[in-house]
There are 2 protein chains.
Amino acid sequence: MQLQAKYVVLGLLYKRSMSGYDMKKQFEKYFTYFFDASYGSVYPTLTKLEQDNCIVKHTIIQEDKPNKHEYEITSTGRELFEEYLNSPVLDDSIRADLCVRLFFGEFASKETVLKWMNERIKKNETIVAELQEEYERIKSEMSVTQEITIQIGIDYHRAQADTLRKGLKLLDQDSST
Amino acid sequence: MQLQAKYVVLGLLYKRSMSGYDMKKQFEKYFTYFFDASYGSVYPTLTKLEQDNCIVKHTIIQEDKPNKHEYEITSTGRELFEEYLNSPVLDDSIRADLCVRLFFGEFASKETVLKWMNERIKKNETIVAELQEEYERIKSEMSVTQEITIQIGIDYHRAQADTLRKGLKLLDQDSST
DNA sequence: GCTTACATGTAAAATGTTACATGATTGG
DNA sequence: CCAATCATGTAACATTTTACATGTAAGC
């Protein structure tokens, strides 16, 4: 079984009402390294949860901007989310293209492999810096477990970059023999 | 775009022919932390690659055991895999239930949160030990980039456990104030 | 004048998981 | 005798991505 988008949606609405557009924003900002869902996934999920009476829609008329559909969680929705919180934690499901490529690295040229690794190291450094900045900026408004969440993200990207740097040295030794 | 199973299948066949069953075995053993595919995904992928002339099937008649379908990569298949190796590396796609739960941790009881974290720490310690054992056992037969792959897995699980242990301390301080 | 942000949604296609179906042999 | 390993495959269902469709307003 895999983590379903509907639980993430319900989790967000547990604290405050928001629109599908707002949710996607949240995913991009705070969920980057552990969850993502496209609009084509968010909107149908909202429609389905509404049909199941887990959420109710409120249309907010806005001038200058398109109207907004704000969803509010119902008691049924709260129950469903609480059931989720009491269900067993699922394993992380990861699809890491870089690791797949490295596994087959012997079939690629050395330059290609080095490029993959160097680009990833650089990318991860950027992400670590961004997450750290974000963390400093909002930690006062975050719960302790949310802080841990961000920390897991930071350490994940940092650990991967470290391993890749060590890997570069290994490759260097390998080619010099 | 997401990493497609067909490229992983082609990658395995690039070195030697094997069956769908063998592939699943490989995924479980060496790809655990960065890729997985069920039989219901592997077999249809093989059927489709065969239709596209990327692989050819050889039926091996076995006594005592069910017959085996060994697939061999064709030149078309090799080209497709080489194209993949030269395409841009995709970002990791992660769905981490634990992080989602921690993000919403304030809605769960403290015991529940502690249970989530302690269980994950224990699980990761087991995985690290297994990967390390496996690494020692087969590193002589592995390419350098494959070693890096295993190392990324080890460090990923270790870093997450470390962060969670630090998180437990944070939670402790938090409750004592 | 172009892009970005705001905002929602659908349809087609791909992709995937789970459960089912089958059936022999080996090891505890 | 029961579970696991060997081995393949399908069907139903769930889920998701991508592309399309629409339209305003602000900022550069």
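First the proteins, then the strands, lettered A, B, ... as listed; each starts at 1. Keep in mind that what you see is a predicted model, and the values were worked out from it rather than measured.
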### Message
Does A:K25 reach a base, just sugar-phosphate, or nothing at all? Heavy atoms under 4.0 Å.
### Response
sugar-phosphate

### Query
Between atom CZ in A:R95 and atom C1' in C:dA14, what is the gap in whole Å?
12 Å

### Message
Can you measure A:L90 atom CG to C:dT17 atom C1' for me and round it to whole angstrom units?
### Response
13 Å

### Query
Using a cut-off of 4.0 Å on non-hydrogen atoms, how would the nucleic acid contact of A:Q2 be classed: base, sugar-phosphate, or nothing?
nothing

### chain A footprint on DNA chain D, 5' to 3' - any atom under 4.0 Å from a heavy atom
D:dT15 to D:dA25

### Query
Do the side-chain N and O atoms of A:S93 and A:Q2 include a donor-acceptor pair separated by under 3.5 angstrom?
yes

### Message
Could you tell me how far apart A:Y43 (OH) and C:dA11 (P) are, to the nearest whole angstrom?
### Response
16 Å

### Query
Pairs in or reaching into residues 74-83 of chain B: which pass side chain to side chain donor-acceptor pair (under 3.5 Å), with residues at least two apart or in two chains?
B:Y14-B:E82

### Query
Would you call the rings of B:H157 and B:Y33 parallel, tilted or perpendicular if under 30° counts as parallel and over 60° as perpendicular?
perpendicular

### Query
C:dA14 P sits how many Å from B:Q51 CD, rounded?
13 Å

### Message
ring-ring contact (aromatic ring centres under 6.0 Å, His included) for B:F104 and A:Y7? Distances and angles first, verdict last.
### Response
CA-CA 10 Å; B:F104 299 124; A:Y7 295 119; over 10 Å; no

### Query
Under 4.0 angstrom, heavy atoms only, what part of the nucleic acid is A:K24 near: base, sugar-phosphate, or nothing?
nothing

### Task
Write down the distance between CG (A:L46) and P (C:dT10), rounded to a whole number of angstrom.
11 Å

### NZ/NE/NH1/NH2 to OD/OE distance under 4.0 Å, A:D91 and B:K123
yes

### Task
Go through the side-chain N and O atoms of B:Q62 and B:N67 and say whether any donor and acceptor fall under 3.5 Å apart.
no

### Query
Cut-off 3.5 Å, side chains only: do A:D22 and A:Y71 have a donor facing an acceptor?
no

### Summary
Walking DNA chain D from its 5' end, the first of A:P66 and A:P44 to be reached, judged by nearest nucleotide, is A:P44

### Query
For A:K57, which contact category applies under a 4.0 Å heavy-atom criterion: base, sugar-phosphate, or nothing?
sugar-phosphate

### Message
Under 4.0 Å, heavy atoms only, any strand: does B:S19 hit a base, just the sugar-phosphate, or nothing?
### Response
sugar-phosphate

#### Entry: Interatomic distance where NZ belongs to B:K48 and P belongs to C:dA13 [whole Å]
13 Å

